[in-house]
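One structure below.
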Amino acid sequence: MKLSDCVRPLLLGALFLGTAAHAEVQPLNRVVAIVDNDVIMQTQLDARVREVQQTIAKRGAEVPPANVLTQQVLDRLIIENIQLQMGERSGIRISDEELNQAITTIAQRNGMSIEQFRAALAKDGLSFNEARDQVAREMVISRVRQRRVAERIQVTDQEVKNFLASDLGKMQLSEEFRLANIVIPVQEDASSDALQTAERRARAIYEQARQGADFGQLAIANSASETALEGGEMGWRKAAQLPPPFDSMLGAMSVGDVSEPIRTPGGFILLKVLEKRGGESAAVRDEVNVRHILIKPSEIRSDDEAKVLAERLYQRIQAGEDFAELAKSFSEDPGSALNGGSLSWIDPNALVPEFREVMNNTASGEVSKPFKSQFGWHVLQVMGRRATDSSEQMREQQALNLLRNRKYEEELQTWLRQIRDEAYVEVKL
């Protein structure tokens with residue numbers, strides 16, 4: 001049963017409080033939208049609108065009219081809420097350790113310590129706890145999308161080969177583009193009149209952009225893209241990551257150019273090139289042949305007990321016992337235990353920082369002392385190091401990533417429209 005059928009009257013009735021001493025009832029808060037089994041409150045909407053206004057102001061752009069911005073923010077909150085409920089039903093949880101690591105990474109990317117990050121948030125009127133909650137929500141949404149969208153995407157070996165043989169495939173190591181977009185949506189079953197109206201609107205926005213109007217401001221005020229409130233910014237993309245005809249258009253566009261509106265299944269799209277950059281990745285990479293034993297703390301084994309067991313195994317290896325046999329008997333890494341703990345030849349960048357650091361400081365043939373990572377206590381042995389010419393593998397992996405990204409972008413927009421259409425949403429503004 002939906003919230004609207006049984007709980008909504010109670011919620012709405014509890015939104016106003018009054019006493020005999022007051023002639024009029026004072027509103028404390030109110031529901032602005034009912035979304036399936038949850039609600040969005042006015043305080044949530046107001047807080048997010050303030051955040052967006054601050055972000056727009058920092059960019060030096062003009063804040064759009066209040067009604068336009070409020071509607072954009074509410075639409076975003078509704079989509080987020082639907083995904084968060086899906087995450088709750090799927091049992092997705094973000095541990096404190098994962099959240100702390102994510103916060104630390106965000107601070108480091110901005111060249112700050114955690115203390116400096118706290119101070120920067122406070123200066124913007126945000127509490128550290130509010131920031132943590134927002135990051136946690138974004139992590140849940142990301143995992144929901146990975147389960148519901150990314151896992152649907154399949155790229156075959158033949159698709160990779162065809163891509164590498166194509167003109168676009170040959171361009172994959174060429175320049176990248178930092179892009180922004182504006183999406184004017186059109187329903188799949190839209191009438192010809194609705195199509196013409198949407199096209200006229202897109203054309204009018206294009207003319208404004210050509211005449212010097214701020215593209216980011218136009219995106220905030222008009223776009224249905226998920227990045228509308230960020231001025232439509234999409235980040236860095238290669239031409240091959242975009243569906244036709246945008247992939248072939250970008251090569252002829254200069255920084256600052258805006259494409260004419262292009263009809264797509266989801267509506268009319270305009271792209272702006274914000275920056276360009278080029279360069280090929282090195283074809284040679286370092287690899288390490290490493291094996292390890294992992295001992296995990298659990299409900300029946302404390303962290304100290306896990307450490308003691310790892311130290312005992314280290315001593316047994318030092319005394320001459322076979323590393324691989326001990327790994328098969330004791331390691332709790334299911335991906336490597338049956339192989340004697342072997343991770344085979346691996347790129348160090350694919351490993352967590354704690355593991356990578358110890359591995360880099362361990363000579364070939366040597367066994368490390370026990371050390372801790374986010375997964376538990378490890379003992380590792382470096383079997384060898386090599387520099388590998390991985391040109392072909394890199395080309396194939398890049399092609400695979402580009403094709404997956406292209407399909408992901410298309411599938412994500414379709415999926416977001418689908419979950420929005422299937423959800424019960426009642427806007428009460």
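By convention here, the first residue in the shown sequence is residue 1. Since this is a predicted model, take the numbers as computed values, not measurements.
In this structure, CD1 on I293 lies 5.5 Å from CG on L313, to the nearest 0.5 angstrom.
In this structure, R386 satisfies the cation-pi test against W345, with its NZ or CZ atom closer than 6.0 Å to the six-membered ring centre and inside 45 degrees of the ring normal. For the pair R118 and F128, the cation-pi criterion (under 6.0 Å, within 45° of the ring axis) is fulfilled.
A salt bridge links K372 with D303; the closest basic N to acidic carboxylate O contact falls under 4.0 Å. Salt-bridge formation is detected for the pair R143/E98: a Lys NZ or Arg NE/NH1/NH2 atom is positioned less than 4.0 Å from an Asp or Glu carboxylate oxygen. For R301 and E332, the salt-bridge test passes: some basic side-chain N is under 4.0 Å from an acidic carboxylate O. Remark: R417 does not engage E422 in a salt bridge, criterion side-chain N to carboxylate O under 4.0 Å. In this structure, K428 pairs ionically with E426, as a charged nitrogen and a carboxylate oxygen lie closer than 4.0 Å. The residues E409 and R237 are annotated as salt-bridged, a charged nitrogen and a carboxylate oxygen being separated by less than 4.0 angstrom. With respect to the salt-bridge test (charged N to carboxylate O, under 4.0 angstrom), the residues E233 and R178 qualify. Using a 4.0 Å cut-off between a side-chain N of Lys or Arg and a carboxylate O of Asp or Glu, E80 and R48 qualify as a salt bridge.
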| said: Between N339 and S336, does the side chain to side chain donor-acceptor pair (under 3.5 Å) criterion hold? Intermediate values first, please. | reply: CA-CA 5 Å; N339 296 321; S336 68; over 6 Å; no

message: Assess the residue pair R210 and E260 against the criterion (salt bridge (charged side-chain N to carboxylate O under 4.0 Å, His left out)); give the C-alpha distance rounded to whole Å, side-chain angles, the decisive distance to 0.1 Å, and a yes or no.
response: CA-CA 10 Å; R210 281 191 61 196; E260 293 194 27; over 6 Å; no

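Put simply, the side chain of E366 never gets that close to the backbone of Q381: no donor and acceptor are under 3.5 Å apart. With hydrogens and angles ignored, the 3.5 Å screen pairs a side-chain donor or acceptor of E305 with a backbone N or O of S302. For R406 (side chain) and P243 (main-chain N/O), no donor-acceptor pair under 3.5 Å exists by modelled atom type. Checked by atom type and distance alone, the side chain of K407 pairs as donor or acceptor with a backbone atom of Q154 at under 3.5 Å.
With sequence neighbours excluded, the residues satisfying side-chain contact (heavy atoms from CB on, under 4.5 Å) with E230 are R76, T227. Take Q196 and apply the side chain to side chain donor-acceptor pair (under 3.5 Å) test, not counting sequence neighbours, and it matches no residue.
No more than 12 heavy-atom neighbours from other residues, nucleotides or ligands sit within 6.0 angstrom of CD on Q187. Other residues, nucleotides and ligands place more than 12 heavy atoms under 6.0 Å from the CZ atom of R93.
Residue F246 is tested with N181, L179, T264 for a side chain to side chain contact (heavy atoms under 4.5 Å, CB included); the sole match is T264.
Aromatic ring centres of F355 and F371 lie closer together than 6.0 Å.
Smallest separation of non-hydrogen atoms from W236 and E176: CZ3-O, 3.6 Å.
Here the side chains of H292 and V379 are not in contact, with every heavy-atom distance at 4.5 Å or above.
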